[in-house]
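Please see the structure below; I have some questions.
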Number of protein chains: 2
Amino acid sequence: MQHRSEETQAQIIKSAIKLFSAHGYTAASVDMICKDAGISKGAFYHHFESKQALFLALLDGWLTTIDKSVEASREMTVPETFLQITEAYPYIIKTASQGLPMFLEFWLQASRDKKIWQASITPYRRYHKYFTALIKKGVEEGSFVEVDPETASRLIVSTAMGLLLQSLLDPNGAKWEKVAKESSDMLVNGLLKK
Amino acid sequence: MQHRSEETQAQIIKSAIKLFSAHGYTAASVDMICKDAGISKGAFYHHFESKQALFLALLDGWLTTIDKSVEASREMTVPETFLQITEAYPYIIKTASQGLPMFLEFWLQASRDKKIWQASITPYRRYHKYFTALIKKGVEEGSFVEVDPETASRLIVSTAMGLLLQSLLDPNGAKWEKVAKESSDMLVNGLLKK
DNA sequence: AAAAACAAACCGACTGGTCGGTTTGTTTAC
DNA sequence: GTAAACAAACCGACCAGTCGGTTTGTTTTT
């Protein structure tokens with residue numbers, strides 16, 4: 001009986017991502033999600049306590065994905081890590097363009113909803129801390145120029161987010177993958193010691 | 001009767017900004033806006049054709065504000081303009097912290113609604129063009145290092161937006177005014193020829 | 001091995017309430 | 001007096017969430 005249950009839950013999540021992205025958290029109704037997932041409302045409330053609980057589950061899944069990719073880069077040296085991130089940008093842009101409205105939705109909900117805010121802010125601060133430590137290590141190693149790791153971390157994250165936002169607003173306004181690659185090159189070049 | 005009418009309209013807009021920011025476009029109802037503005041629904045629909053029309057009016061007003069500040073910097077030299085922007089960051093951060101969810105709301109709605117998208121994308125492209133031309137001029141003048149003006153423009157806008165976003169998510173997580181100042185210093189220093 | 005007992009998964013009609021928008025009637029200004 | 005400005009009652013559609021009942025699969029008993 002477990003297999004069917006898992007499948008249903010996966011289908012709900014899949015439809016939820018699709019519909020929250022397309023219409024927003026408020027506008028995407030539970031009825032819509034159920035219809036899209038091909039299940040009943042009863043099944044929905046069997047798997048999730050509330051609409052918000054589903055949203056939090058989505059957030060959790062998304063964070064797990066990021067955690068995995070961060071974990072994967074744990075073994076590398078500092079410049080290697082940054083090189084990897086730089087090279088991953090086009091891929092991120094490409095894949096994020098679909099999930100991005102969803103990401104923005106998290107952001108917006110977090111700024112309004114205490115529960116969602118707390119679920120968002122902890123991992124955000126954790127990533128920031130990790131990034132800052134990485135840069136600090138790079139500076140201490142001598143592979144980076146002397147910068148304030150705290151600020152540099154915020155700057156890098158800002159760039160990534162800003163580019164994603166722009167690519168969301170105007171997908172055909174520029175070759176975003178190219179812009180992303182060049183932008184991060186500019187940033188990293190300014191950071192790496194020659 | 002014109003005076004009272006203008007006052008009512010101004011009150012509707014004021015309440016709309018407040019409530020759209022606080023609850024989002026969908027969640028902020030016309031009833032809520034009317035109640036907050038201290039008017040009736042009849043008065044609302046006398047002044048605005050629809051909820052969306054009000055939203056577009058808000059966008060229009062916001063764009064006019066930006067236009068004015070861009071116009072004000074038309075007279076300056078290129079490095080002067082950038083210096084001004086750099087110094088304006090703390091002010092922007094400070095004032096935007098309340099209006100930012102509204103700004104994000106525009107973004108999100110634009111990614112879903114054709115009408116709002118068209119009202120957003122034209123000025124966005126115009127600003128980008130203006131910014132690119134500014135950097136190009138700076139490069140040609142010799143005051144900037146050799147960069148692709150297109151990319152540099154996107155990068156600068158990205159940084160600004162990313163910082164605003166981060167400050168929205170975690171207002172007390174950092175001294176954002178300081179981070180903004182330092183970040184733009186980093187960027188401009190990398191751009192200006194010494 | 002078959003029946004009985006059980007529990008998880010699921011269904012869909014229903015509820016109380018809210019939504020954007022309309023209609024109808026009243027007030028206010030000129 | 002008449003037209004713009006506003007108020008209030010109202011409409012059908014839709015919302016998140018509930019609930020009594022049904023199906024489906026597993027475990028226990030015989």
Problem set entry | Sequence neighbours excluded, every pair satisfying salt bridge (charged side-chain N to carboxylate O under 4.0 Å, His left out) that has a member inside residues 113-139 of chain A | A:D67-A:R126, A:R125-B:D170
Seminar exercise, completed: The reported gap from CG in A:L134 to OG1 in A:T81 (rounded to nearest 0.5 angstrom) is 5.0 Å
Exercise. Residues from residues 42-52 of chain B sitting under 4.0 Å of DNA chain D, heavy atoms only?
Worked result: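 Those residues whose heavy atoms fall under 4.0 Å from DNA chain D, taken from residues 42-52 of chain B in numerical order, are B:G42, B:A43, B:H46, B:H47.
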Exercise. What parts of residues 16-29 of chain A reach DNA chain D, counting only heavy atoms under 4.0 Å away?
Worked result: A:A28, A:S29
For this session: May I ask you to establish whether A:K51 and A:F20 are in a cation-pi arrangement, using a distance under 6.0 Å from NZ or CZ to the six-membered ring centre and at most 45° from the ring axis?
Result: no
Problem set entry | Rounded distance (Å) that lies between atom C1' of D:dA16 and atom CG of A:L54 |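 Spelled out: CG on A:L54 to C1' on D:dA16 is 13 Å.
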For this session: Take atom CD1 of B:I33 and atom C1' of C:dC19, then tell me their distance rounded to the nearest Å.
Result: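 After rounding, the gap between these two atoms is 12 Å.
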For this session: Could you tell me whether A:E141 atom CD has more than 12 heavy atoms of other residues or ligands within 6.0 Å of it?
Result: yes
For this session: Measure from CG on A:D31 to P on C:dC11 and round the result to the nearest Å.
Result: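 So the CG-P distance, A:D31 to C:dC11, works out to 14 Å.
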Exercise. For the helix from C:dA1-D:dT30 to C:dC30-D:dG1, how many degrees between its two end axes (five pairs per end), to the nearest 10°?
Worked result: 10°
Exercise. Within a reach of under 6.0 Å around CD of B:E49, are more than 12 heavy atoms found that belong to other residues, nucleotides or ligands?
Worked result: no
Exercise. Using the ring of each side chain (for Trp, its six-membered ring), is A:F44 parallel, tilted or perpendicular to A:F48, with breaks at 30° and 60°?
Worked result: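 Answer is tilted, since the angle falls between 30° and 60°.
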Exercise. Roughly how many Å is it from NZ in A:K41 to P in D:dA16, rounded to a whole number?
Worked result: 6 Å
Problem set entry | Check: B:F55 ring centre within less than 6.0 Å of B:F106 ring centre |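 Centroid separation for B:F55 and B:F106: below 6.0 Å.
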For this session: Check whether any side-chain heavy atom of A:H128 lies under 4.5 Å from a side-chain heavy atom of A:V157, and answer yes or no.
Result: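 No, every pair of side-chain atoms sits at 4.5 Å or beyond.
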Exercise. Which residue pairs satisfy the ring-ring contact (aromatic ring centres under 6.0 Å, His included) criterion with at least one member in residues 131-165 of chain A, sequence neighbours excluded?
Worked result: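 Sorted pair list: A:F82-A:F131, A:F82-A:F144.
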Exercise. What is the distance, rounded to the nearest whole Å, between atom CG of A:D113 and atom C1' of D:dA16?
Worked result: 15 Å
Exercise. How many angstroms lie between atom CZ of A:R154 and atom OG of B:S183, to the nearest 0.5 angstrom?
Worked result: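 Reported to 0.5 Å precision, the distance equals 9.5 Å.
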For this session: Let me know the distance between CD of B:Q11 and P of D:dA5, rounded to the nearest Å.
Result: 17 Å
Seminar exercise, completed: B:I39 CD1 to C:dT28 P, in whole Å, measures 16 Å
Seminar exercise, completed: Applying side chain to side chain contact (heavy atoms under 4.5 Å, CB included) to A:A27 and not counting sequence neighbours gives A:H23, B:T26
